[in-house]
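See structure below.
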Amino acid sequence: VQLQASGGGLVQAGGSLRLSCAASGDIFSMYVMSWYRQAPGKERELVAFINHIGSTDYADSVKDRFTISRDNTLNTVYLQMNDLRPEDTAVYYCRGFYRRVYWGQGTLVTVSS
């Protein structure tokens with residue numbers, strides 16, 4: 001399985017971005033999908049996840065601002081990020097889990113103040 005993340009960029013504080021992560025393979029619907037992020041000098045942290053039946057959870061720091069969703073017909077998971085803050089600046093990674101862990105390459109999100 002390969003995961004391809006996209007959608008990062010530079011945005012002003014208060015703005016929005018939508019990240020996408022496209023997966024290869026034919027059992028995407030069984031995967032638990034997550035978004036992680038890693039800011040400079042910090043450890044990678046979980047941002048949001050969505051399981052195979054659509055249940056979601058979020059880090060406290062992004063609740064009510066970020067929304068994770070998935071489209072199993074497109075083998076894609078999304079992260080809609082609203083009201084972005086400078087502290088959201090990080091490289092964002094998608095992660096898939098089904099029997100083992102798969103990581104996508106990161107996509108950089110930069111939020112200017």
Side-chain angles (χ1 to χ4, degrees):
V1 173
Q2 291 188 331
L3 303 176
Q4 181 72 36
S6 61
L10 173 64
V11 64
Q12 289 189 330
S16 298
L17 282 175
R18 188 176 80 156
L19 305 183
S20 300
C21 177
S24 63
D26 58 2
I27 54 171
F28 174 78
S29 61
M30 297 301 296
Y31 281 71
V32 175
M33 298 300 299
S34 309
W35 286 97
Y36 282 72
R37 68 185 181 187
Q38 187 166 19
K42 295 188 176 182
E43 294 187 352
R44 192 173 296 190
E45 63 174 358
L46 176 65
V47 176
F49 83 85
I50 183 167
N51 68 12
H52 63 291
I53 60 171
S55 298
T56 61
D57 202 3
Y58 300 87
D60 287 343
S61 59
V62 306
K63 278 181 180 176
D64 301 323
R65 299 189 298 122
F66 291 10
T67 302
I68 189 170
S69 61
R70 66 192 299 160
D71 186 336
N72 291 335
T73 65
L74 297 178
N75 280 14
T76 301
V77 63
Y78 304 97
L79 186 67
Q80 177 66 44
M81 305 185 294
N82 299 327
D83 188 24
L84 283 160
R85 304 167 181 170
E87 54 264 38
D88 295 318
T89 294
V91 177
Y92 285 71
Y93 299 89
C94 61
R95 175 187 185 271
F97 175 76
Y98 180 71
R99 296 182 177 177
R100 55 155 286 187
V101 174
Y102 301 88
W103 287 97
Q105 94 293 357
T107 184
L108 176 62
V109 172
T110 304
V111 184
S112 62
S113 57

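Bear in mind the structure is a predicted one, so any value in this text is a computation, not a measurement.
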Using the disulfide bond (SG atoms under 2.5 Å apart) rule, collect all pairs that involve residues 27-70, keeping only residues at least two apart or in two chains.
none
Listing request: all side chain to side chain donor-acceptor pair (under 3.5 Å) pairs with a residue in residues 58-77, at least two apart in sequence or in separate chains.
R37-S61, D60-K63, R65-D88, R70-N72, D71-T73
Run the side-chain contact (heavy atoms from CB on, under 4.5 Å) check on R44 and Y93 step by step: do they pass?
CA-CA 9 Å; R44 192 173 296 190; Y93 299 89; 3.4 Å; yes
So Q38 and Y92, do their side chains get closer than 4.5 Å, heavy atoms only?
no
Does L84 belong to the same Ile/Leu/Val/Met/Phe/Trp/Tyr cluster as L79, with side-chain heavy atoms less than 4.5 Å apart forming each link?
yes
Just jot down the side-chain contact (heavy atoms from CB on, under 4.5 Å) partners of S6, sequence neighbours excluded, or say none.
S20
Where at least one partner belongs to residues 21-113, residue pairs that pass disulfide bond (SG atoms under 2.5 Å apart), sequence neighbours excluded
C21-C94
CD-CZ distance between Q80 and F66, expressed to the nearest 0.5 angstrom:
9.5 Å
Rounded to the nearest 0.5 angstrom, the OG-CD1 distance for S34 and I50 is 10.0 Å
Hydrophobic cluster (4.5 angstrom, side-chain heavy atoms) - remaining members for Y78:
L74
Can L17 be reached from V62 by stepping across I, L, V, M, F, W or Y side chains whose heavy atoms are under 4.5 Å apart?
yes
Acceptor/donor pairs from residues 98-113 side chains to any protein atom, 3.5 angstrom cut, sequence neighbours excluded:
residue	atom	partner	partner atom	Å
Q105	OE1	A5	N	3.2
Q105	NE2	A5	O	2.7
T107	OG1	G8	N	3.0

Can you confirm whether L3 sits close enough to M33 that some side-chain heavy atom of one is under 4.5 Å from a side-chain heavy atom of the other?
yes
Looking at CG of D57 and CG of L46, how far apart are the two atoms once the value is rounded to the nearest 0.5 Å?
8.0 Å
Does a sphere of radius 6.0 Å around CD in E45 hold more than 12 heavy atoms from other residues, nucleotides or ligands, not counting ones at 6.0 Å or beyond?
yes
Does a side-chain heavy-atom distance below 4.5 Å link E87 with T89?
no
Given W35 and V77, is the side-chain contact (heavy atoms from CB on, under 4.5 Å) satisfied, shown in steps?
CA-CA 9 Å; W35 286 97; V77 63; 4.0 Å; yes
When hydrophobic residues are tied together by side-chain contacts of less than 4.5 Å, even through go-betweens, does Y36 share a cluster with I68?
no
